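Since the structure is predicted, the reported quantities are computational estimates derived from the model, not experimental observations.
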Amino acid sequence: MSPHSENTLFGMGNPLLDISAVVDKDFLDKFGLKPNDQILAEDKHKALFDEIVKRNKVEYHAGGSTQNSVKIAQWMIQKPHKVATFFGCIGTDHFGKILKKKAEEAHVDAHYYEQNEEPTGTCAACITGDNRSLVANLAAANCYKKEKHLDLDSNWELVKKAKVYYIAGFFLTVSPESIVKVAKHASDNNKIFCMNLSAPFISQFFKEPLMKVMPYVDILFGNETVSTTKRRGFNDIAEIAKKTQNLPKENMKRQRVVVFTQGKDDTVATVGEKVTMFPVLDIDQNHIVDTNGAGDAFVGGFLSALIQEHALEECIRAGHYAANVIIRRAGCTFPEKPDYQ
């Protein structure tokens, strides 16, 4: 299989329709939002999603952590289209239709499980000046059912077609059994399974499902906040990377690689028996518009090089480039073509 064929990369996660709009302080106050925050929607926020669309000029994008990463991998590769497959759950509603259209525009081969009990998951980005207040309503994203989607022969065939797999840790809260099935397939067939620690609450409250998947993980991503210890300098994060690399592993043909990003500080990665630092690209602080999608973008860039069978150093370089592009723009958006050599 050439590195550049359809469905080479497989992602599964929580699909959200990103809805962004410039709002005023009154709008934030009405829904009790802080100018720069990320929260999960509560009952008091339910009306926000309709109201932001009615009151403002909005932009829609296919979002959610894993979907963002596969979308960026596709953008980095450009051709052919549909290099990335994506599974997740949406609702049979207006926002679901928009999400399908947006995934198509990003040339991602999205096969959603559609149900009508919960509406399509949304993430409202309420922009005031330089600040973005994010309110996520997972809704349908929480309703993914392995036996009704992943286990269907036609869908499982798409899983089998892939050679690189990526799932963000957020999906551990939805369908850990789906993750294990995909991870086990990758391990049994000597393919590459990648996972992200995603957020501190995953390793704190979902440690058991995380540790069930860990033996199958070939490449583990995380950032400085999810490496779960107070940082007292480089020795700590290097030590954590090394300890994580040495956790039990099923497929011994591949040594586990651990990659921790640290915002503007060097990215830390295990290279063979060593832990190596990779400096990120310099950027003038004034050019930074929004760092929210930086982690997803780094992974997307990394995966684009990985499926082309590049060395780890090149994967990290591609990740740094993608993150550098994304933080110069609002939301997880990008120009038409990458300028990457």
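Two different hydrophobic clusters hold L134 and L33 under the rule that ILVMFWY side chains link at heavy-atom gaps under 4.5 Å. Following chains of ILVMFWY side-chain contacts shorter than 4.5 Å, one cannot reach L152 starting from F86, and the two form parts of different hydrophobic clusters. I283 and L281 fall into different hydrophobic clusters, where Ile, Leu, Val, Met, Phe, Trp and Tyr are joined by side-chain heavy atoms under 4.5 Å apart, directly or via other members. Residues V268 and L247 share a hydrophobic cluster, clusters being chains of Ile/Leu/Val/Met/Phe/Trp/Tyr side chains in contact below 4.5 Å. L172 is connected to Y165 through a chain of hydrophobic side-chain contacts under 4.5 Å among Ile, Leu, Val, Met, Phe, Trp and Tyr, so both are in one cluster.
Checking each of L99, T122, I19 against Y60 for a side chain to side chain contact (heavy atoms under 4.5 Å, CB included) leaves exactly one that passes, namely I19.
Take D151 and apply the salt bridge (charged side-chain N to carboxylate O under 4.0 Å, His left out) test, not counting sequence neighbours, and it matches K146, K181. Qualifying salt bridge (charged side-chain N to carboxylate O under 4.0 Å, His left out) partners for D18, counting only residues two or more places apart in sequence or in other chains: none. In this view, K264 satisfies the salt bridge (charged side-chain N to carboxylate O under 4.0 Å, His left out) rule with no residue, not counting sequence neighbours. Not counting sequence neighbours, E313 has no partner by the salt bridge (charged side-chain N to carboxylate O under 4.0 Å, His left out) test. Annotation: side-chain hydrogen bond (donor to acceptor under 3.5 Å, both in side chains) contacts of K97 (sequence neighbours excluded): none.
More than 12 heavy atoms of other residues, nucleotides or ligands sit less than 6.0 Å from atom CD of E147. In K46, the NZ atom is crowded: over 12 heavy atoms of neighbouring residues, nucleotides or ligands sit closer than 6.0 Å. Annotation: E104, atom CD; neighbour count of heavy atoms from other residues, nucleotides and ligands within 6.0 Å does not exceed 12.
Applying the salt bridge (Lys or Arg N to Asp or Glu O under 4.0 Å) test to every pair with at least one member in residues 267-286, sequence neighbours left out, gives these pairs: K242-E273. Judged as a salt bridge (Lys or Arg N to Asp or Glu O under 4.0 Å), the pairs with a partner in residues 244-258 (not counting sequence neighbours) are, in order, D218-K249. Sequence neighbours left out, the pairs with a member in residues 186-195 that pass salt bridge (Lys or Arg N to Asp or Glu O under 4.0 Å) are K184-D188.
For H287 and Q285, the side-chain atoms include no donor-acceptor pair closer than 3.5 Å. Using modelled atom types, one finds no donor on one side chain facing an acceptor on the other under 3.5 Å when comparing T66 with S69. A donor-acceptor contact under 3.5 angstrom links the side chains of S65 and D296, judged on distance only. For the 3.5 Å distance criterion, the side chains of N7 and T85 qualify, holding a donor opposite an acceptor.
When atom types are taken as modelled, the side chain of H149 and the backbone of H111 share a donor-acceptor pair closer than 3.5 angstrom. Between the side chain of S133 and the backbone N or O of N36, no donor-acceptor pair lies under 3.5 Å. The backbone N or O of N324 lies less than 3.5 Å from a partner atom in the side chain of R328, making a donor-acceptor pair. T244 places a side-chain N or O within donor-acceptor distance of the main-chain N or O of I240, the cut-off being under 3.5 Å. Checked by atom type and distance alone, the side chain of Q115 pairs as donor or acceptor with a backbone atom of E118 at under 3.5 Å. Using modelled atom types, one side-chain atom of Q308 and one backbone atom of S304 make a donor-acceptor pair closer than 3.5 Å. Checking side-chain atoms of Y144 against main-chain N and O of L150 turns up a donor-acceptor pair under 3.5 Å.
The structure places CG of N137 at 10.5 Å from OG1 of T120, a figure rounded to the nearest 0.5 Å. Residue N196 holds its CG atom at 7.5 Å from CG of N223, rounded to the nearest 0.5 Å. The line from NZ of K145 to OG of S178 is 10.0 Å long, rounded to the nearest 0.5 Å. The NZ atom of K44 sits 13.5 Å away from atom NZ of K30, with the distance rounded to the nearest 0.5 Å. We find the CE-CD distance between M76 and Q78 to be 10.0 Å, quoted to the nearest 0.5 Å. We find the CD1-CD1 distance between I72 and I77 to be 12.5 Å, quoted to the nearest 0.5 Å.
Using bins of under 30°, 30° to 60° and over 60° for the plane-to-plane angle, the ring pair F31/H45 lands in the tilted bin. Relative orientation of the F298 and F221 rings is perpendicular, given thresholds of 30° and 60° on the angle between their planes.
Side-chain contact between M195 and I179: present, with at least one pair of heavy atoms (C-beta onward) separated by less than 4.5 Å. Proximity of I52 to C126: side-chain heavy atoms (C-beta onward) are separated by under 4.5 Å at one or more points. Counting heavy atoms from C-beta outward, N68 and K71 have side chains that approach closer than 4.5 Å. Residues C123 and L17 have side chains not in contact (no heavy-atom distance under 4.5 Å, counting atoms from C-beta outward). Between F206 and T173 the shortest side-chain heavy-atom distance falls below 4.5 Å. Between N155 and Y113, the closest side-chain pair of non-hydrogen atoms is not below 4.5 Å. Residues F10 and V70 are not in side-chain contact: their nearest non-hydrogen atoms beyond the backbone lie 4.5 Å or more apart. When side chains are defined from C-beta on, D265 does not count as touching P279, because their heavy atoms never get closer than 4.5 Å.
Contact check on K163 versus E309 returns a salt bridge, with a Lys/Arg side-chain nitrogen under 4.0 Å from an Asp/Glu carboxylate oxygen. A salt bridge links K25 with D29: the distance from a Lys NZ or Arg NE/NH1/NH2 to an Asp or Glu carboxylate oxygen falls below 4.0 Å. A salt bridge links E114 with K100: the distance from a Lys NZ or Arg NE/NH1/NH2 to an Asp or Glu carboxylate oxygen falls below 4.0 Å.
Outside the 6.0 Å centre-distance limit, the rings of F193 and Y166 are not counted as a close aromatic pair. Here F278 and H320 keep their ring centres 6.0 angstrom or further from each other. Ring to ring, H107 and W75 are not that close: their centroids are 6.0 angstrom or more apart.
Through chains of ILVMFWY side-chain contacts below 4.5 Å, V22 is grouped with I127. In this structure, L138 belongs to a hydrophobic cluster whose other members, linked by side-chain heavy atoms under 4.5 Å apart, are L16, L40. V280 forms part of no hydrophobic cluster, judged by ILVMFWY side-chain heavy-atom separations under 4.5 Å.
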Exercise for the section: Begin with the C-alpha distance, continue with both residues' side-chain angles, and end with the deciding distance and a verdict on side-chain contact (heavy atoms from CB on, under 4.5 Å) for L220 and V259. Expected result: CA-CA 6 Å; L220 183 74; V259 183; over 6 Å; no

Handout entry: Step-by-step salt bridge (Lys or Arg N to Asp or Glu O under 4.0 Å) determination, D24 to R55
Key = CA-CA 11 Å; D24 54 24; R55 278 179 46 171; 3.7 Å; yes

Practice task
For the pair K102 and E105, evaluate salt bridge (Lys or Arg N to Asp or Glu O under 4.0 Å) and give the outcome as yes or no after the intermediate values.
Solution key: CA-CA 5 Å; K102 290 294 165 188; E105 284 170 10; 3.2 Å; yes

Which pairs would a plain distance check flag for residues 334-341, meaning a side-chain donor or acceptor within less than 3.5 Å of a matching protein atom at least two apart in sequence or in another chain?
unit_1, atom_1, unit_2, atom_2, d
Y340, OH, E314, OE2, 2.6
Y340, OH, R317, NH2, 3.4
Y340, OH, A318, N, 3.3

